[in-house]
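See below for the structure under consideration.
What's counted below: heavy atoms across the whole structure, side chains too, no hydrogens, waters or symmetry copies. All of these numbers come straight from a predicted model, not from anything done at the bench. Proteins come first, then strands; the chains are lettered A, B, ... in the order of their sequence lines, and each starts at number 1.
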Amino acid sequence: MPQTSSSLHLFADVLARVHGVCRALAADSSWPEGIDFSRVVVEPPRDASHGDMATNAAMVLAKEAKAKPRDLAEQIAERLRTDALIAKVDVAGPGFINLTLKPAAWAEALRTVLREGAEYGRIRGGAKVNVEYVSANPTGPMHVGHCRGAVFGDALASLLQFAGHDVTREYYINDAGAQVDVLARSAFLRYREALGEDIGAIPEGLYPGDYLKPVGQALATEHGEKLLAMSEAQWLPTVRAKAIAMMMDEIKDDLAALNIRHDVFFSERSLIETGNNKVAETIDFLKAKGDIYEGRLPPPKGAPVEDWEDREQLLFRATAYGDDVDRPLIKSDNSYTYFASDIAYHKNKFDRGFVEMIDVWGADHGGYIKRMQAAVKATTSAKGSLDVKIVQLVKLLRNGEPVKMSKRSGDFVTLREVVDEVGQDAVRFMMLYRKNDAVLDFDLAKVMEQSRDNPVFYVQYGHARGHSIFRNARAEVFPELPEDAGARIAWLAESAVERLSDPVELDLLKRLAIYPRMLEAAAAAHEPHRIAFYLYDLASEFHALWTKGRDLPYLRFIINNDADLTKARMAMVQGVVSVLASGLAILGVHAPDEMR
RNA sequence: GCGCUCGUAGCUCAGCUGGAUAGAGCAUCGGAUUUCGAUUCCGAGGGUCGGAGGUUCGAAUCCUUCCGAGCGCGCCA
């Protein structure tokens, strides 16, 4: 069970109290030993009129306690009524126990937010985890399709970090397959072009994009005409290495435009280096375990394979670990399949101490999950875990119309073009404002719009509005209200937050109190999108409260003749600002002090 | 043919890993608004959670089976 930083957050606190009561009851009523309390939860009820929190304790424990849920609920409720934090306990429905907390609980929750500041909601003590994302082939610039996985992986990594994990952000460079040889040949053509040769049209099967021209230039500058005299076998490794290096630089630049930086760039080629062949080692390792054999596979059922050749080949016994068929490791030309080096790669991750691994893949790799998880099971003796997150397609639109994308002739929309047009914040937020496995419509026109339709704007404006309120408060009531966040929080910490008593204000405080709970669940489920939705809801309640102040002057944040109340409201605004900033930071979106 | 993912309001999507009367935004309709800085706010209507079975105190959520969409299906990565 992970622990929060300086104090239990409210829901965990109440859950602990409920557990305490149940345990005491178990002892007094001599329930059987070893009852599982882990299914007992405390959560906000759907319908707020039921109270602040509800627990299912009685329903979950009824069977083992050999009691009727309603009766058990009454017994638990009776004991909870003596709790100092709880104002009201009701038993409802099939055995729900509804709790209404004393107003002081919410005031204390706000104090917790202020006390912990940017650390509010942080969890400590998580495990080491490796998040591998992007891993785009180093054969060209990144296109929009890569965007979503990049943003998702990055936000997930940040979320896990905030939830206490020791996170490594990793990029797997596919620099060993046939596609990088194609890259090398394409670059070599550009090299000849750079030396003044007329190369004509780029032949079928090579990469036509202009982005290889600088590579040709660099090769020409570096090697002059030396390479021309060599055979392909001689120049290819040199040209390939140079092209890959330059493509990776470009990719890193593209990622930097989204503020994404990996800790580790892992080369596939490094796995098959002569003298240190990890793929061969891994195959031997699996052979020794009996997970590899020579055999035949039935031909695939779907689209007919033209050159199907029924042959004896080296197979990994993936079916022993939950996959549908066994998988080949060596191609007919005796080189390793991609899968073979991927097994070695994931074993390597495990050997580096990552028991928990997360891969972020595009939707077209969905059929690959089972075999990879089978491989991780086999190579780690089921000690390692691999969660694969699939990000679905992004449909790029402009005013509802699909943006044309054709793959040929390098005529695709690059990641950079999209970021340049709509900005890093909009790209990041919108990519996260959807479940990862749902198809996403990304409308270039809509995400630029400054309206409630656009959640990016709406949330950022919430943060800016908070600062606007501070500026006004400074001008009207509190010239001493500090500009610096840390100083301001310290100054606000001693405000009379008990005076926040309007139901609308309490709702806002309740929303703030839920933040740690939401983060914990999002981290456990590997679902950063939950943060985006939470922030939208929080901003929405904040804006609503602000607007209420127009009709109901007593709800305005700044009350000129009541400095105490104004200060308490500033504390509340600070709470909102802190949490908005915290959540946006995890998503990698800026929290501006003003909108322009 | 098989596997994976998805199917929730007219549209775009949430639904906190099984909880109470399934929620937002857009759109529609009806109100409010010379505001501490917007491009706002409040309310209403709108649902067989794709269909049918099952599991249990309780299912949008788990299982089975159909229907429909997307992706994939030795040596491509």
- Message: Roughly how many Å apart are B:A44 and B:C49, using the P atom of each and rounding to a whole number?
- Response: 22 Å
- Message: Name the residue from A:F457, A:Y458, A:F429, A:Y461 that meets the ring pair (Phe, Tyr, Trp, His ring centres under 6.0 Å) definition with A:Y536.
- Response: A:Y458
- Sequence neighbours excluded, which residues qualify as side chain to side chain donor-acceptor pair (under 3.5 Å) partners of A:K389? none
- Message: Does the structure show A:Y368 stacking with B:G72, if we require the centres to be closer than 5.5 Å and the planes to be within less than 30 degrees of parallel?
- Response: no
- Message: Between B:C6 and B:U40, how far apart are the two P atoms, rounded to whole Å?
- Response: 34 Å
- Hits for salt bridge (Lys or Arg N to Asp or Glu O under 4.0 Å) against A:R70, two or more places apart or cross-chain, chain-then-number order -> none
- Item | Between C1' of B:U33 and CG of A:L555, the distance in whole Å | 16 Å
- Message: Within the 4.0 Å heavy-atom criterion, would you say A:Y433 contacts the bases, only the backbone, or no part of the nucleic acid?
- Response: nothing
- Is it true that A:D291 and A:R317 have a side-chain N and a carboxylate O under 4.0 angstrom from each other? no
- Message: Rounding to an integer number of angstrom, what distance separates B:A24 and B:G47 when you compare their C1' atoms?
- Response: 15 Å
- Message: Taking only the C1' atom of each, what is the distance from B:A14 to B:C67 in whole angstrom?
- Response: 25 Å
- May I ask you to check if A:R517 and A:F11 form a cation-pi contact, with NZ or CZ under 6.0 angstrom from the six-membered ring centre and within 45° of the axis? yes
- Which nucleotide in the set B:A24, B:C41, B:A77 lies at the smallest distance from any side-chain heavy atom of A:A544? B:C41
- Determine the interplanar angle of the A:W361 and A:H365 rings, folded into 0 to 90°, and report it as parallel if under 30°, tilted if 30 to 60°, perpendicular if over 60°. tilted
Can you pull every protein N or O that's under 3.5 Å from an N or O on nucleotides 6-12 of chain B?
residue : atom : partner : partner atom : Å
B:C6    : OP1  : A:D437  : OD2          : 3.4
B:U12   : O2'  : A:R434  : NH1          : 3.1

- B:G15 and B:U21: how far apart are their C1' atoms, nearest whole angstrom? 15 Å
- Query: Going by number, which of residues 522-535 of chain A have a non-hydrogen atom under 4.0 Å from RNA chain B?
  - Reply: A:A525, A:H529, A:R530, A:F533
- Item | Where A:C22 and A:L61 come nearest, the two heavy atoms and their spacing | SG-CD1, 3.8 Å
- Of all heavy-atom pairs linking A:Y515 and A:S582, the shortest is OH-OG, 2.6 Å
- Message: Taking the P atom in each of B:C66 and B:G3, what is the distance between them to the nearest angstrom?
- Response: 10 Å
- Task: With heavy atoms under 4.0 Å as the rule, sort A:K68 into base, sugar-phosphate or nothing.
- Result: nothing
- Note on the structure: Applying salt bridge (Lys or Arg N to Asp or Glu O under 4.0 Å) to A:D364 and not counting sequence neighbours gives none
- Looking only at heavy atoms, what is the nearest atom pair of A:L492 and A:S495, with distance? O-OG, 2.5 Å
- Message: Taking 5.5 Å and 30° as the limits, would you call A:H365 and the base of B:G72 a stacked pair?
- Response: no
- Query: Toward the 5' end of RNA chain B, which comes first, A:D537 or A:R465, by nearest nucleotide?
  - Reply: A:D537
- Task: Scan A:A475 against the nucleic acid and name what it touches under 4.0 Å (heavy atoms): base, sugar-phosphate only, or nothing.
- Result: nothing
- Item | Nearest-angstrom distance from the residue atom CZ of A:R327 to P of B:G3 | 13 Å
- Each stem that RNA chain B is part of, given as range with range (3 or more consecutive Watson-Crick or G-U pairs, under 3.5 Å): B:1-7 with B:67-73, B:10-13 with B:23-26, B:28-32 with B:40-44, B:50-54 with B:62-66
- With A:H146 via side chain to side chain donor-acceptor pair (under 3.5 Å) - residues at least two apart: none
- Using the closest heavy atom to pick a nucleotide of RNA chain B for each, name whichever of A:D364 or A:S335 lands nearer the 5' end. A:D364
- Can you name the residues that form a side chain to side chain donor-acceptor pair (under 3.5 Å) with A:D323, not counting sequence neighbours? A:R327
- Message: In this structure, how many angstroms lie between the P atom of B:G3 and the CD1 atom of A:I390, rounded?
- Response: 18 Å
- Testing B:C4, B:A20, B:U40 for proximity to the side chain of A:N98, the answer is B:A20
What donor-acceptor contacts under 3.5 angstrom involve side-chain atoms of residues 525-532 of chain A, with partners at least two apart or in another chain?
residue : atom : partner : partner atom : Å
A:H526  : ND1  : A:D387  : OD2          : 2.7
A:E527  : OE1  : A:R530  : NE           : 2.8
A:E527  : OE1  : A:R530  : NH2          : 2.8

- Flag, side chain of A:N56 to backbone of A:M59, donor-acceptor distance under 3.5 Å: no
- Query: Rounded to whole angstrom units, what separation is found between the CE atom of A:M595 and the C1' atom of B:U40?
  - Reply: 15 Å
Nucleotide N/O of nucleotides 55-59 of chain B paired with protein N/O under 3.5 Å:
none

- Query: Less than 4.5 Å apart, any side-chain heavy atom of A:R488 and any of A:Q574?
  - Reply: yes
- Message: Base, sugar-phosphate or nothing for A:A473? Non-hydrogen atoms, less than 4.0 Å.
- Response: nothing
- Task: Can you tell me which residue pairs pass the side chain to side chain donor-acceptor pair (under 3.5 Å) test with a partner in residues 427-440 of chain A, sequence neighbours excluded?
- Result: A:D154-A:R428
- Could you check how far NZ of A:K446 sits from P of B:G25, rounded to whole Å? 15 Å
- Between A:K548 and B:C41, is there a side-chain N or O to OP1/OP2 distance below 4.0 Å? no
- Rounded distance in Å between the P positions of B:G23 and B:G74: 46 Å
- Task: Kindly point out which of B:G25, B:C41, B:C71 is positioned nearest to the side chain of A:Y536?
- Result: B:G25
- Query: On a whole-Å scale, what distance lies between the P atoms belonging to B:C13 and B:G18?
  - Reply: 24 Å
- Query: When the distance from CE of A:M53 to P of B:A20 is rounded to whole Å, what number comes out?
  - Reply: 18 Å
- Compare the minimum distances between each of B:A77, B:G3, B:C16 and the side chain of A:R517, then state the nucleotide with the smallest one. B:C16
- Query: Side-chain donor or acceptor of A:N56 under 3.5 Å from a matching atom on the base of B:A20?
  - Reply: no
- Query: Expressed in angstrom and rounded to an integer, what is the separation of A:F542 atom CZ from B:U40 atom P?
  - Reply: 16 Å
- Between B:G19 (C1') and A:H50 (NE2): distance, integer Å: 11 Å
- Item | A:S335: partners by side chain to side chain donor-acceptor pair (under 3.5 Å), with sequence neighbours left out | A:D333
